[in-house]
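The figures that follow rest on heavy atoms only: side chains count, while hydrogens, waters and symmetry mates do not. Quick caveat, the model's predicted, so the values are computed rather than measured. Residue numbers count from 1 along this sequence.
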Amino acid sequence: MSSIGRIVRKNHSAVFWCTRHYPKAKREAVYTLYALVKHFDDLSSSSLPEKEKGDILAAWQREVSNIYDKKVPETDIGRRIYKNCMRFKFSREHLETILSSFSMDCPKPLFRPTLDEFETYCRGVSEIPSYLILKVIGDFDEETTMELGCQIGRAVEITNILKNIKEDAIGGHMYIPDEYLKAAEIEEGIAAKDILTHKNLYVARQKLAHLARQAFERAYRLLEEKHNRNSKPIVYMLNLYHAYFEMMDKRGWEIISPKPELKFKDRFKLVMRALFNKNSIN
C-alpha cells in the first residue's frame, strides 16, 4: 500500500474501503487529494510558529508553480499530485484556490469571517476538493459534478465546524460568520474561547446549521436523480456527516460537548448500506 493510501486508511478507513473497487489510477488520485487537504488542515491547527507556517505555505505556492510549469516538484505530495492527479486534468486555478482558502486560516487562525469570506473559505477547503474527487470517480456530467461537489463540500465543512467548535475555539479559530454572531448579540472584541461560553452562541450555530441543512437537501436531491455505482463512496460520506448533523440537531445547538460520535457498528452499517443497498440514498 502506498504512503498516501495509509494516510487515508488511518484517518478515514471507510473512505479507503469504499474506494477499493476503483482502478488504481483513480484510487491514487483520490488518496493524493485527500492527503493534500489533510496536510493543509493539520498545518492550520498545528502549534508551529506563525513564521514557520507561513514559510510552508510559501513553499507550496512554489510547488504549485513547479507542477504546472513542468519542473520537478520538491515534496512527496507534490510529486504524487504530478503523477496521480494531472492525468485527470486538475486545473492550476483549482489547486491555487485550495491553497488560497487554507491560507485564510493559516498562519493566523480564521476569526469571525464575513459571510463572503466564509463562502470563499468553504469553497477552497471543501467544495473544490469534493468537486475534484467527483471529477475522478463520480461519472457525472460536468454541471452535476460541480453542483454536487459544492453542496457536499459545503454540508461536510459546516458540519465539521459545528462538530469541532470547542477545540477550534480553544485554538483561536472561530469560523461562524460575523453576521451570525452579531445577530446572536455576541459582541466584537472577545476571544474565541469566550464566544464558546456565550449564552447566545446557540443562535449563531442554528443559523449556520440552516446552511448545512440546505446543502444536505440539495445534495440528496441531486443524488436521487443521478445516483450510479461510482457514487457509492459519495453516498457514504454524505450519510456519515448527515448522521453527525442529525445527532447535533436532535440534542440542541446549545450543547457543544461532547462531540457527536458514531459507534463502529453504526459506521459499518453506513458503509455496507452504501456498498450494497441500491436504495442507499439518505
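Salt bridge status for R218 with E147: absent, with no side-chain N to carboxylate O gap under 4.0 Å. Salt bridge status for E167 with K259: present, with a side-chain N to carboxylate O gap under 4.0 Å. A salt bridge does not link E179 to K207: none of the charged nitrogens lies less than 4.0 Å from a carboxylate oxygen.
Residues D249 and R213 meet the side-chain proximity criterion, which asks for heavy atoms closer than 4.5 Å. Looking at P129 and I133, their side chains never come closer than 4.5 Å, going by heavy atoms from C-beta outward. Two residues are said to be in side-chain contact when any heavy atoms from C-beta on lie closer than 4.5 Å; R79 and Y82 fail this criterion. Side-chain contact between L115 and Y180 is present, with heavy atoms from C-beta onward closer than 4.5 Å. Residues D41 and V125 are not in side-chain contact: their nearest non-hydrogen atoms beyond the backbone lie 4.5 Å or more apart. Using a 4.5 Å heavy-atom threshold, the side chains of I176 and L201 count as touching. T159 has its side chain within reach of F216: a pair of non-hydrogen atoms, C-beta onward, lies under 4.5 Å apart. Contact of the R80 side chain with the N84 side chain is registered, since non-hydrogen atoms from C-beta on lie closer than 4.5 Å.
Remark: E254 CD is packed, more than 12 non-hydrogen atoms of other residues, nucleotides or ligands lying under 6.0 Å away. By the 6.0 Å contact criterion, CZ on F88 is enclosed, its count of non-hydrogen atoms from other residues, nucleotides or ligands being greater than 12. Counting heavy atoms of neighbouring residues, nucleotides and ligands inside a 6.0 Å radius, atom CD of E187 exceeds 12 of them.
With rounding to the nearest 0.5 Å, the separation of CG in L132 from CD1 in I137 is 11.5 Å. One finds the CZ atom of F118 at 4.5 Å from the CG atom of L208 (value rounded to the nearest 0.5 Å). To the nearest 0.5 Å, atom OG1 of residue T144 and atom CG of residue L222 are 6.5 Å apart. One finds the CD1 atom of I234 at 11.5 Å from the CG atom of N239 (value rounded to the nearest 0.5 Å). Summarising the geometry, atom CE belonging to M248 is positioned 12.0 Å from atom CD1 belonging to I256; distances are rounded to the nearest 0.5 Å. Separation of atoms CG (D76) and CD1 (I81) is listed at 10.0 Å; rounding is to 0.5 Å.
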message: Under the criterion side-chain contact (heavy atoms from CB on, under 4.5 Å), I'd like the reasoning laid out for K38 against D42: C-alpha separation, chi angles, the key distance, then a yes or no.
response: CA-CA 6 Å; K38 184 71 170 61; D42 289 347; 2.8 Å; yes
H210 and Q214: side-chain contact (heavy atoms from CB on, under 4.5 Å), yes or no, with the steps?
CA-CA 6 Å; H210 179 67; Q214 288 181 321; 3.4 Å; yes
Derivation of the salt bridge (charged side-chain N to carboxylate O under 4.0 Å, His left out) call for R123 and E119: CA-CA 6 Å; R123 179 163 178 77; E119 295 282 351; over 6 Å; no
Using side-chain hydrogen bond (donor to acceptor under 3.5 Å, both in side chains), reason through S65 and R92 one step at a time and then give a plain yes or no. CA-CA 9 Å; S65 295; R92 182 172 189 158; 3.2 Å; yes
* After noting the C-alpha distance and the side-chain angles of K166 and L196, does the key distance pass the side-chain contact (heavy atoms from CB on, under 4.5 Å) rule? -> CA-CA 7 Å; K166 183 175 181 179; L196 194 65; 3.9 Å; yes
Handout entry: E28 vs K83, salt bridge (charged side-chain N to carboxylate O under 4.0 Å, His left out): CA-CA, chis, key distance, verdict
Key = CA-CA 9 Å; E28 292 293 320; K83 175 185 176 183; over 6 Å; no
Going through the distances and angles, do R251 and E246 end up as a side-chain contact (heavy atoms from CB on, under 4.5 Å)? CA-CA 9 Å; R251 73 183 186 183; E246 289 294 299; over 6 Å; no
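Listed for the E50 side chain is no donor-acceptor partner under 3.5 Å among the backbone atoms of K108. Distance alone, capped at 3.5 Å, places no donor-acceptor pair between the S101 side chain and the I98 backbone. Side chain of K53 to backbone of S46: a donor-acceptor contact under 3.5 angstrom is found. For the pair T145 (side chain) and D141 (backbone), a donor-acceptor distance under 3.5 Å is present. Although no hydrogens or angles enter the test, the distance criterion places no donor-acceptor pair under 3.5 Å between the side chain of D69 and the main chain of K71.
Looking at T114 and D178, their side chains never bring a donor and an acceptor atom within 3.5 Å of each other. Remark: the E142 side chain and the Y131 side chain contain an N/O donor-acceptor pair separated by less than 3.5 Å. Side-chain polar atoms of S130 and R154 form no donor-acceptor pair below 3.5 angstrom. Residues Y175 and H173 have side chains that bring a donor and an acceptor to within less than 3.5 angstrom of each other. If you check the side chains of T97 and H94, you find no donor sitting under 3.5 Å from an acceptor. Side-chain N/O atoms of Y121 and D116 include no donor and acceptor closer than 3.5 Å. Of the N and O atoms on the side chains of E157 and N160, not one donor lies less than 3.5 Å from an acceptor on the other residue.
Contact record, A35 with I77: O-CD1, 4.2 Å, taken as the closest heavy-atom pair. Across all their heavy atoms, P73 and N66 have their closest contact at CA-CB, 4.2 Å. Across all their heavy atoms, L181 and I195 have their closest contact at CD2-CG2, 4.2 Å. When every heavy atom of P260 is checked against every heavy atom of M247, the shortest pair comes out as CB-CE, 3.9 Å. Shown here for F90 and Y68, the closest heavy-atom pair between the two residues is O-OH, 2.6 Å. Across all non-hydrogen atoms, the minimal contact from A219 to I152 is CB-CG1, 4.0 Å.
There is no path of hydrophobic side-chain contacts, each under 4.5 Å, that joins I170 to I186. Hydrophobic cluster membership is shared by F264 and Y244, with clusters built from Ile, Leu, Val, Met, Phe, Trp and Tyr side chains linked at under 4.5 angstrom. Linking Ile, Leu, Val, Met, Phe, Trp and Tyr whenever their side-chain heavy atoms come within less than 4.5 Å puts V136 and M86 in one cluster.
Residues meeting the ring-ring contact (aromatic ring centres under 6.0 Å, His included) test with F40, sequence neighbours left out: W60, F102. The salt bridge (Lys or Arg N to Asp or Glu O under 4.0 Å) search around D55 returns K51, not counting sequence neighbours.
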